[in-house]
Amino acid sequence: MMLIPTHHFRDIERKPEYLQPEKCIPPPYPGPVGTMWFIRDGCGIACAIVTWFLVLYAEFVVLFVMLIPSRDYVYSVINGILFNLLAFLALASHCRAMLTDPGAVPKGNATKEFIESLQLKPGQVVYKCPKCCSIKPDRAHHCSVCKRCIRKMDHHCPWVNNCVGENNQKYFVLFTMYIALISLHALIMVGIHFLRCFEEDWTKCSYFSPPTTVILLILLCFEGLLFLIFTSVMFGTQVHSICTDETGIEQLKKEERRWAKKTKWMNMKAVFGHPFSLAWASPFATPDQGKADPSQYVV
């Protein structure tokens, strides 16, 4: 599939018929401040439900097939606490990634009054999105699912039913990391449990019948392996994207860099917060995003 040059997309927004602010009016009923962000997309909602179901299935097999029936109390307690902690952090990260505004540009703000409030200098150019009728900041892209322009949009992920953008990339990275960790942990425990069941009587290593136990473990093994590969790749891709300060869309379109180059460590702190601390690994800690700069709408 041929990629259309980047400048083509931006030139479309320069056409006269798209630069008439009188055609844009703000939304008639703007949402109140603090309204929860949630995308009403059937496919995304279904994928999010499937994600939770698979994590809860892994929780069921780990607890009721492997740990609770085990006669090694210390082994069960340590692995139970570790697995449940990782699962809790994974689901919390999923919720934050799904319910956090990824950096949506105010819809319908391409009005005459707003453009005048920018106090543009002679020769300065602003871009308007013809789809959501908003003034488009640099490095923002329109999402057809969210129906909004998203600042530093990396991609739209149906598994979190949201875009991955400027404000929620940290939570998406944590989600992929914790899912990869619980997948690896589950695979290790499945291997240990199989060895113990082969050495002992199958009727004593689980509360379920041997055929049921084998089926449940094989399904968990398949799920863990699949998610370990998928989320590990996504985690590595996201970390690379953050370090290079280049979103997935910018890499795909091979957009020309128009922003200042920073060190990898500064790019990491821009996403996870200043300074480095244990809060980087917490989905409950909101990283400092800084104040919005009106000049970001100007090229």
Of all heavy-atom pairs linking Cys129 and His142, the shortest is SG-ND1, 3.5 Å
If we ignore hydrogens and angles and just use 3.5 Å, is the side chain of His94 paired with the main-chain N or O of Trp159 as donor and acceptor?
yes
ILVMFWY cluster, Leu226 and Phe60 together (side-chain gap under 4.5 Å):
no
Walk me through it: do Leu181 and Leu89 pass the test side-chain contact (heavy atoms from CB on, under 4.5 Å)?
CA-CA 11 Å; Leu181 289 176; Leu89 291 173; over 6 Å; no
CG of Leu252 to NE2 of His141, rounded to nearest 0.5 Å, is 9.5 Å
Hey, could you give me the CD/CE distance between Gln238 and Met177, rounded to the nearest 0.5 Å?
13.0 Å
If I compare all heavy atoms of Asn161 with all of Gly44, which pair ends up nearest, and what's the gap?
OD1-CA, 3.3 Å
What is the minimum heavy-atom distance between Arg40 and Ile45, and which atoms define it?
CA-CD1, 4.4 Å
Would you say Ser70's side chain and Met66's backbone share a donor-acceptor pair under 3.5 angstrom?
no
Mark yes or no for whether Asn168, through its side chain, and Gly165, through its backbone, hold a donor-acceptor pair below 3.5 Å.
yes
When you measure from the side chain of Ser282 to the backbone N and O of Phe284, does any donor-acceptor pair fall under 3.5 Å?
yes
Between the side chain of Asp154 and the main-chain N/O of Gly248, is any donor-acceptor distance below 3.5 Å?
yes
Distance check, rounded to the nearest 0.5 Å: Ile182 atom CD1 versus Phe83 atom CZ?
5.0 Å
Parallel, tilted or perpendicular: which describes the rings of Trp265 and Trp280, with under 30° parallel and over 60° perpendicular?
tilted
Residues, nucleotides or ligands: over 12 heavy atoms within 6.0 Å of Phe88 CZ:
no
Can you check whether Asp72 reaches Val74 side chain to side chain, under 4.5 Å on heavy atoms?
yes
Hphob cluster co-occupancy, Phe235 + Tyr171, side-chain heavy atoms under 4.5 angstrom:
no
Short side-chain to backbone donor-acceptor contact, Tyr178 and Ala92, under 3.5 Å
no
Closest non-hydrogen atoms of Pro283 and Leu174, given as atom of the first, atom of the second and distance, are N-CD1, 3.8 Å
Would a distance-only check, ignoring hydrogens and angles, find a side-chain to backbone donor-acceptor pair under 3.5 Å from Thr176 to Val173?
yes
Here the pair of heavy atoms bringing Lys170 nearest to Ala279 is NZ-O, 2.9 Å
Got a second to check how far Leu187's CG is from Ile192's CD1, nearest 0.5 Å?
11.5 Å
Atom pair NZ/SG of Lys107 and Cys149 - distance to nearest 0.5 Å:
10.0 Å
For a quick test of reading the model, state the closest non-hydrogen atom pair linking Ala180 to Ser232 and the distance between them.
CB-OG, 3.9 Å
Keeping Arg148 on the side-chain end and Val105 on the backbone end, is there a donor-acceptor pair under 3.5 Å?
yes
Give a yes/no verdict on a cation-pi contact between Arg96 and Phe175, requiring under 6.0 Å between NZ or CZ and the six-membered ring centre and an angle within 45° of the axis.
no
Check Lys261, Lys264, Arg139 against Asp245 for a salt bridge (Lys or Arg N to Asp or Glu O under 4.0 Å) and give me the one that passes.
Arg139
Between His155 and Phe172 (judged by ring centroids, cut-off 6.0 Å), do the two rings come close enough to count as a pair?
yes
Please check if Ile68 and Phe208 belong to a single hydrophobic cluster, counting links between Ile, Leu, Val, Met, Phe, Trp and Tyr side chain heavy atoms closer than 4.5 Å.
yes
Establish whether Leu56 and Leu220 are linked, either directly or via other cluster members, by ILVMFWY side-chain heavy-atom contacts under 4.5 Å.
no
Indicate yes or no: at least one non-hydrogen side-chain atom of Asn167 is less than 4.5 angstrom from one of Pro102.
no
Which Ile, Leu, Val, Met, Phe, Trp or Tyr residues join Met153 in one cluster when any pair of side-chain heavy atoms under 4.5 Å counts as a link?
Ile150, Ile249
Apply side-chain contact (heavy atoms from CB on, under 4.5 Å) to the pair Ser134 and Lys128, showing each step before the final yes or no.
CA-CA 6 Å; Ser134 62; Lys128 191 193 83 167; over 6 Å; no
Report yes if some heavy atom in the side chain of Phe227 is under 4.5 Å from a heavy atom in the side chain of Ser183; otherwise report no.
yes
Check for a donor-acceptor pair, side chain of Thr213 on one end and backbone N or O of Ser209 on the other, with a separation under 3.5 Å.
yes
Same cluster for Leu67 and Leu219 if Ile/Leu/Val/Met/Phe/Trp/Tyr side chains link at under 4.5 Å?
yes
Just by distance, do the side chain of Asn162 and the backbone of Thr100 share a donor-acceptor pair under 3.5 Å?
yes
Is there a side-chain contact between Met268 and Cys243 (heavy atoms, below 4.5 Å)?
yes
Side chains of Gln251 and His240: does their closest heavy-atom pair fall under 4.5 Å?
yes
How long is the span from the CE atom in Met234 to the OG atom in Ser241, to the nearest 0.5 Å?
9.5 Å
Can you establish whether the number of heavy atoms outside Leu278 located under 6.0 Å from its atom CG is more than 12?
no
Are any of the side-chain nitrogens in Lys152 or Glu166 under 4.0 Å away from the carboxylate oxygens of its partner?
no
With ILVMFWY side chains joined below 4.5 Å, transitively, what does Val77's cluster contain besides itself?
Tyr73, Ile81
